[in-house]
There are 2 protein chains.
Amino acid sequence: MPRRAMPEDGRPRPSTIRDVARHAGVSVATVSRILSGTYPSAPATRGKVMRAVRELDYVANAHARGLAGVRPKTVAIVVTSVVSPHYAHVAQGVQDQAAREGRLCIVGTTGGDPQRELATVRLLREEHAEAVILVGNMPADDAYRERMADYARALAVAGSRLVLCGRPPLGDDVPAIVVEYDNTGGAYAITSHLLSAGHRRILFLGRRTGYTTPESRIAGYRAALAAHRVPHDPALEVDSVVMDRRDGHRMMRERLDAGPRDFTAVFAGNDLIAAGARAALRERGLSVPGDVSLVGFDDLPPADDIDLTTVHVPHEELGRTAVRLALDTDTPGTSQHVMLGTHIVVRDSVRPNLEEPPSP
Amino acid sequence: MPRRAMPEDGRPRPSTIRDVARHAGVSVATVSRILSGTYPSAPATRGKVMRAVRELDYVANAHARGLAGVRPKTVAIVVTSVVSPHYAHVAQGVQDQAAREGRLCIVGTTGGDPQRELATVRLLREEHAEAVILVGNMPADDAYRERMADYARALAVAGSRLVLCGRPPLGDDVPAIVVEYDNTGGAYAITSHLLSAGHRRILFLGRRTGYTTPESRIAGYRAALAAHRVPHDPALEVDSVVMDRRDGHRMMRERLDAGPRDFTAVFAGNDLIAAGARAALRERGLSVPGDVSLVGFDDLPPADDIDLTTVHVPHEELGRTAVRLALDTDTPGTSQHVMLGTHIVVRDSVRPNLEEPPSP
DNA sequence: GTGAAAGCGCTAACAT
DNA sequence: ATGTTAGCGCTTTCAC
């Protein structure tokens, strides 16, 4: 049972560095130095201090330390939601690396609301975290760029590094680190996979103009079609608003109800959409991959559950890399740019197309 | 473009309350009072101050404020992992309520490792958060109780409230708020659901002795059997270690390979196990619910994807309630206890049992 | 209604 | 190798 200071009011208060100093018979400076471990000290003194620390159950006050000019050991991550697997896995990577480097992790959720994002970044500025990692999902318009640039400058003044995760760079004048992954390359690869299986009419589910991630993916889809000399039919690209399972189900259902099926394969903009589309196909008596081939993007649950061939995105590595780069003070540049690779994961949702012969 | 203090070294520093005071021609005390909004002040002064705040882009330093005796607006949550849907949903509830009440949220992950948990709680003590919410998954032995009691006392001294989420209370002498949900009731209800459909041999997948959550669930299972006067066969209870999809698959596969099938329905200890078991059943040519009925527990993804009848657990409400109770300083008691209800969600994974006639 | 000044607990010069 | 002391930026008495 630790002894602790107990003022007259009968409520114990946390031990302070002065309590420890007194208890050990040394000065507060000595205690501070020994605990920080960066100065030489006599073993005997060290022993006394450590014993006092233990007996008084002393832990430093993070706020006092922060005030005294030591950057708090904290990284922050801002996401739309922590239940979305995409964000959850990036957050997990951030947590991993943060814990490994002895940091605490502040997580903010915005629900996709710019107002809440703004409020969160404001609160984070107050905290003076070492890094603020934004895994936003905002349209990449000018307003967005400007907002990010504002964040970047304000955070830079407070000494925090801003990391943009999964989005393209903003420009060299903006002090932000960017960690993204190869959406276009992945989409190109998996579209080629379908083309190689003889599919020519590939429905793309989840076009979302103005949003960088879906746009990069559809760009890869189109590039692959072009490379294989397959005509590009804009009618095969379906717009989505929310990019979730429900929306995938809706898009597929509406498409099937609108007329005769004019595709043999489906490329869903993400695995959630793929899951919804698959359900809709089955409701209409179409099996995957028996009747229709289906691929997704992300390699997150429920991809494994539904045996979906998809593009693996290194979500956790994204988070880990973000933390690593932000905490790496050896590299002084505040505007690095890293692009992580993606690759296909083949499961059982694609079959060769037999409905029309492949072009010669 | 905000003007900001720019020392000789050419690196701007964040504006302080003194910069604002000078800029507005008032004292720092006045600025502090106006920003806290709890004191009367002349409208003219208020205007000057607010303008200065805007022009200097001032945000308060959370550490200075914390040091000066104001409890930081922060709640903390400690979970095993943020990718596990169970924890993610509770965390989402915590985030929701925290944001609603203007709080920042610190998230710590332990990976189930008591060492990391200890380290995390230590770091959180330094932060003096208003609340520390533990959503642990530890065996409920004496060592665990003692550890929790230690946390509780240490955090109480630092003025933080400890909330135990999804676990039974520790005792009145431990200053902790407990928010749990009705595992036994839910298990009782869904077992009754299977019994009403005529099932008598119900395989329970996921017994884990010493862990409160699985133990409460199996208790409900046994209670329902007893209430329906169905003999309890211990051979129908299968032990699990990790309680995940893979383990569900393994348990089901091993059971099916061990001999002739001696059950008509399966009660999986959670939805992940159910998903794994379902996959194993299908690999052996058994359909759900055609050949075997299957139910789970939690109502989390992938329950919806696989049309699983299961028990709904109010995960997000758990998190919201934890924050609400912890921040409710009107109720001074630090050892409240709340139990949230659970209920069945019927989907399409149960069929009446035809293999043997129900008892008369 | 506003100002002056005393800390909060810690770190980092500056002494010795 | 250790002690002394001046802040860090804010809130909050206590005066006026």
Side-chain angles (χ1 to χ4, degrees), chain A residues 4-5 7 11 13-50 52-53 56-73 123 125-128 157-159, chain B residues 4-5 7 11 13-50 52-53 56-73 123 125-128 157-159:
Chain A
R4 251 188 278 257
R11 246 207 314 279
R13 61 163 176 72
S15 311
T16 70
I17 197 171
R18 278 204 347 228
D19 298 328
V20 175
R22 195 164 354 172
H23 197 79
V26 298
S27 73
V28 293
T30 300
V31 176
S32 173
R33 285 193 274 247
I34 286 178
L35 291 181
S36 77
T38 51
Y39 289 77
S41 61
T45 319
R46 213 189 114 77
K48 280 191 298 186
V49 168
M50 296 315 279
V53 165
L56 298 179
D57 193 25
Y58 168 77
V59 296
N61 180 323
H63 304 295
R65 186 188 278 151
L67 232 206
V70 173
R71 191 150 284 292
K73 293 260 177 280
L123 281 175
R125 281 219 273 153
E126 300 187 356
E127 297 294 332
H128 292 240
V157 168
Chain B
R4 252 188 278 258
R11 245 207 315 277
R13 61 163 176 73
S15 311
T16 71
I17 197 172
R18 279 208 343 232
D19 298 328
V20 174
R22 195 164 357 178
H23 197 78
V26 298
S27 73
V28 294
T30 299
V31 176
S32 173
R33 286 194 272 247
I34 285 178
L35 290 182
S36 76
T38 50
Y39 288 77
S41 61
T45 320
R46 214 190 111 77
K48 280 191 297 184
V49 168
M50 297 314 279
V53 164
L56 297 179
D57 193 26
Y58 169 76
V59 295
N61 181 323
H63 304 294
R65 186 187 280 150
L67 231 205
V70 174
R71 190 149 286 290
K73 292 259 177 282
L123 281 175
R125 280 219 275 153
E126 301 187 356
E127 296 294 333
H128 292 241
V157 169

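Chain naming here is simple, since letters A, B, ... match the order of the sequence lines and numbering starts at 1 in each.
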Mind telling me whether A:H63 and B:H63 have parallel, tilted or perpendicular rings, with 30° and 60° as the class edges? tilted
With a 4.0 Å cutoff (strictly under), does any side-chain N or O of A:T16 reach OP1 or OP2 of C:dG9? no
So, are B:R65 and A:E126 salt-bridged, with charged N and O less than 4.0 Å apart? yes
Separation of A:R22 atom CZ from D:dG3 atom C1', in whole Å? 16 Å
Check if the side chain of A:R13 and the base of C:dG9 share a donor-acceptor pair of N or O atoms closer than 3.5 Å. no
Inspect the surroundings of CZ in B:R18 and state if more than 12 heavy atoms from other residues, nucleotides or ligands are less than 6.0 Å away. no
Report yes if at least one side-chain N or O of B:T30 is closer than 4.0 Å to OP1 or OP2 of C:dG3; otherwise report no. yes
Side chain of A:A60: nearest nucleotide among C:dC10, D:dT5, D:dG3? C:dC10
The side chain of A:N61 lies closest to which of these nucleotides: D:dT11, C:dG9, D:dT5? C:dG9
Quick one: which of C:dC10, D:dC10, D:dT13 gets closest to the side chain of B:R33? D:dT13
Winner on side-chain proximity to B:Y58, out of D:dC10, C:dG1, D:dA1, is D:dC10
How many whole angstroms separate atom CG of A:L35 from atom C1' of C:dA12? 15 Å
Counting just side-chain N and O atoms, does B:S27 come under 4.0 Å of either OP1 or OP2 of C:dA4? no
Distance in angstrom units between B:R65 CZ and C:dG9 C1', rounded: 18 Å
Once you round it to whole Å, what is the distance between P of D:dG7 and CD1 of A:I17? 19 Å
Among C:dT11, C:dT2, D:dT12, which nucleotide sits nearest the side chain of B:V70? D:dT12
Atom-to-atom span, NZ of B:K48 to C1' of C:dG1 - whole angstrom: 12 Å
It should be established whether A:Y39 places a side-chain nitrogen or oxygen under 4.0 Å from OP1 or OP2 of nucleotide C:dA13. no
Interatomic distance where CZ belongs to B:R18 and C1' belongs to D:dC10 [whole Å]: 11 Å
Nearest nucleotide by nearest heavy atom, which residue falls closer to the 5' end of DNA chain C, A:V31 or B:R46? B:R46
Within the distance-only criterion (no hydrogens, no angle test), does the side chain of A:S15 pair as donor or acceptor with the backbone N or O of A:D57 below 3.5 angstrom? no
Base, sugar-phosphate or nothing for A:A29? Non-hydrogen atoms, less than 4.0 Å. base
Give A:S41 one of three labels, base, sugar-phosphate or nothing, depending on what nucleic acid heavy atoms sit under 4.0 Å from its own. sugar-phosphate
Taking the nucleotide of DNA chain C with the closest heavy atom to each, which residue, A:S36 or B:L67, is nearer the 5' end? B:L67
Provide the closest heavy-atom pair for B:R13 versus A:V157 in the form atom of the first, atom of the second, distance. C-CG1, 3.6 Å
Output the single nucleotide from C:dT2, D:dT2, D:dT5 whose closest atom is nearest the side chain of A:V28. D:dT5
To the nearest angstrom, the NZ-P distance between A:K73 and C:dT11 comes to 11 Å
Rounding to an integer number of Å, can you tell me how far B:E126 CD sits from C:dC10 P? 10 Å
Heavy-atom nearest pair, B:V49 first then B:V20, reads O-CG1, 4.2 Å
A:S32 has its side chain closest, among C:dG9, C:dT11, D:dC10, to C:dT11
